[in-house]
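Below is one structure, written out as structure tokens; comments come after it.
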Amino acid sequence: MTANRDRVASALVPGSPHGHGRPIAVRFEGVSFAYGSDPILEDVSFHIHEGEFAALIGPNGSGKTTILRLLLGLAAPASGRIEVLGAPPHTALESLGYVPQNAAFDPAFPISVAEVVRMGCLRGGSSRYSREDLRAADAALEQADVAELRDRPYSALSGGQRRRVLVARALAANPRLLVLDEPTANMDAESETRLFRALGELRGRTTVLVVTHDTLFVSDLTDAVLCVGDRDGRPGSVVRHASIPVARGLAPGVFGGGARQVLHDTEIPPEACCGEGD
Amino acid sequence: MSFLDALLDPALPFVRNAFLAGILSSVLFGVLGSVVTVKRIAGLAGAISHAVLGGIGLALFLSARGLAPGLPPIAGALAFAVLSAALIGVVSLKAKQREDTVINAIWAVGMSVGVLFIAKTPGYADPMSYLFGNILLISGRDLVLMAVLSALVVAGAWRFYPQIEASAFDEEFARTRGVRTDAVFLAVLAVVAVSVVLLQTFVGIVMVIAMLTLPAGTAGFAARNLRGMMVLASLLSAVFSVGGLALSWETDLPSGAVVVVLSGAVFLGASGIRMLVTRTSRPKAERPDGK
């Protein structure tokens with residue numbers, strides 16, 4: 001236990017100070033949600049600071065996707081309060097970039113990479129894209145390291161390339177909060193390296209939330225680890241866990257670089273988070 | 001008499017009407033068909049088009065029985081089209097588990113109701129004209145309505161292009177950008193419903209759905225984006241419609257069927273070419289090196 005406490009201390013204190021003392025970007029307070037009579041989330045409370053790189057992890061079926069849908073305003077909680085960038089989720093969408101898992105894709109849809117990325121600048125019922133939108137889309141292509149693909153048909157890309165194009169699409173809106181759902185699923189090593197390099201450049205400037213079912217390791221960019229479900233296997237709660245750096249070679253070749261191991265036996269109470277309650 | 005001579009002969013106005021209907025319907029088939037194809041709602045459009053027979057049968061029955069004298073079949077068709085589109089829209093959005101069952105039920109029940117009403121209609125009513133189209137039935141009023149609807153569809157597609165493109169490509173993402181995807185879906189269904197009613201005089205209820213998918217599907221093989229797909233599908237549709245009319249005139253075959261067979265043959269040919277091209281270029285396209 002003592003060793004764990006030491007590890008927690010080293011994980012909490014400096015080394016990854018992004019977000020500390022900053023305003024809250026995402027706040028869930030006593031949130032519950034059910035599909036019909038099937039409770040999915042019960043009394044979920046957590047927060048993420050602006051500029052933090054957070055990982056929302058948990059096994060399949062634990063409620064990650066539901067949390068994501070609530071955060072994106074695609075579903076409403078049965079009870080509790082959700083704030084995204086200081087506002088209710090549906091009013092914060094303009095400042096939010098979302099990278100879906102992209103399970104469904106119609107290969108017969110004729111569209112180029114540049115057109116997909118441009119879509120990120122779409123605002124409600126706007127009838128066309130402005131010059132600024134197109135410039136932002138070009139900048140996002142560079143930022144996500146996919147500029148060389150801009151004129152290629154989207155359907156001709158590999159799965160990893162498509163995922164990075166969707167990251168560019170999310171970045172085109174110059175978001176304050178970037179949410180990525182399973183960004184490395186079925187991704188080749190080259191694309192994974194490029195993706196985390198791009199995400200690393202956002203670190204500290206943009207709040208990043210990565211949702212993943214990998215419960216053992218997270219990227220070494222990660223400041224906060226939020227686990228869905230608790231140690232008894234009961235679904236529906238979110239717990240903040242500590243993580244420690246893993247020496248290169250000890251973790252599988254993930255995240256295109258260094259990784260951190262999640263300490264599931266070490267819980268960090270929300271009030272212990274730096275900046276919270278300040 | 002050749003098709004060109006018939007087209008220019010003042011004594012044969014129905015040939016000119018059919019030609020104009022072919023050109024005007026091409027815009028609807030091309031633009032609306034592209035949206036239907038990329039949104040993958042051809043099945044829904046098929047259910048609406050087939051349910052229309054119920055309204056036609058009901059209007060013929062009420063008119064012949066003197067219950068609603070002079071009620072035109074197009075009025076019943078429009079009522080059934082809008083009603084079935086509304087039902088399908090609500091079911092698709094609210095009860096996804098039973099979506100297929102309900103849509104197929106609307107498809108089959110609508111047609112059956114039409115057949116029953118036509119069977120009980122006094123006098124002679126030929127359901128074949130409505131099922132497979134009859135260019136003799138195309139009136140000047142139909143052409144005006146087609147022109148108005150084509151203009152509205154083009155204007156709508158122009159104004160809401162980003163919303164249509166985004167909601168068809170990735171509906172969930174579109175919603176996160178503030179696009180009212182449900183409204184886009186219901187609007188497309190409503191326009192499909194009205195278009196089907198006007199287009200069925202040209203190719204018939206059964207074949208409307210073929211013309212909403214085949215030219216757009218063929219165009220999708222060559223187009224680089226949705227806008228290009230709409231333009232190319234409209235051009236292809238015009239070629240198929242006019243070519244099919246000419247062919248049916250020369251061979252004395254039903255025009256609607258000839259138009260659809262021509263469209264289908266080109267679509268199948270294009271699909272074969274596409275498969276060959278994809279097979280030969282796959283290693284290059286799948287290269288995962290980011291280059």
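Below, read A as the first sequence line, B as the second, and so on, with proteins coming before strands; counting in each chain starts at 1.
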- Across all chains, not counting sequence neighbours, the side-chain contact (heavy atoms from CB on, under 4.5 Å) partners of B:Ala174 are B:Ala166, B:Ser167, B:Val179, B:Thr181
- Message: Does the plane of the ring in B:Phe173 sit parallel, tilted or perpendicular to the ring in A:Tyr98? Use 30° and 60° as the thresholds.
- Response: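 B:Phe173 vs A:Tyr98 ring planes: parallel.
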Under 3.5 Å, side-chain donor or acceptor atoms of residues 38-52 of chain B against the rest of the protein: list the pairs with distances, not counting sequence neighbours.
from, atom 1, to, atom 2, distance (Å)
B:Arg40, NE, A:Asp106, OD2, 3.4
B:Arg40, NH2, A:Asp106, OD1, 3.1
B:Ser49, OG, B:Ala45, O, 3.4
B:Ser49, OG, B:Gly46, O, 2.9
B:His50, ND1, B:Gly46, O, 2.7

Which value, rounded to the nearest 0.5 Å, describes the distance between [X] atom [atom1] and [Y] atom [atom2]?
X: A:Arg169; Y: B:Asp170; atom1: CZ; atom2: CG; value: 4.5 Å
X: A:Ser127; Y: B:Trp158; atom1: OG; atom2: CH2; value: 10.0 Å
X: A:Glu94; Y: B:Thr176; atom1: CD; atom2: OG1; value: 10.5 Å

- Message: So does A:Ser112 get a backbone contact from the side chain of B:Arg224, meaning a donor-acceptor N/O pair under 3.5 Å?
- Response: no
- Any donor and acceptor pair, going by atom type alone, linking the side chain of B:Gln163 with main-chain N or O of A:Gly124 inside 3.5 Å?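 Here the side-chain-to-backbone pair exists.
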- Query: B:Glu165 and A:Leu122: side chain to side chain contact (heavy atoms under 4.5 Å, CB included), yes or no, with the steps?
  - Reply: CA-CA 11 Å; B:Glu165 180 189 55; A:Leu122 183 58; over 6 Å; no
Interface moiety of [X] toward chain B, non-hydrogen atoms closer than 4.5 Å:
X: A:Val99; answer: neither
X: A:Arg69; answer: side chain
X: A:Leu74; answer: side chain

- Leading residue by heavy atom contact count with chain A [cutoff under 4.5 Å; candidates B:Arg227, B:Arg159, B:Arg177]: B:Arg177
- Task: Heavy-atom pairs under 4.5 Å with chain A are the metric here; pick the option from B:Arg274, B:Arg180, B:Glu172, B:Met229 that has the most.
- Result: B:Glu172
- Heavy-atom pairs under 4.5 Å with chain B are the metric here; pick the option from A:Pro153, A:Ala173, A:Gly120, A:Gly160 that has the most.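 Option with the greatest count: A:Gly120.
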- Task: Considering non-hydrogen atoms only, spot the tightest contact between B:Ala223 and A:Pro110 and give its length.
- Result: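 Looking at all heavy atoms of both residues, the shortest contact is O-CB, 3.4 Å.
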- A:Ser126 and B:Pro162 have their tightest heavy-atom pair at O-CG, 3.9 Å
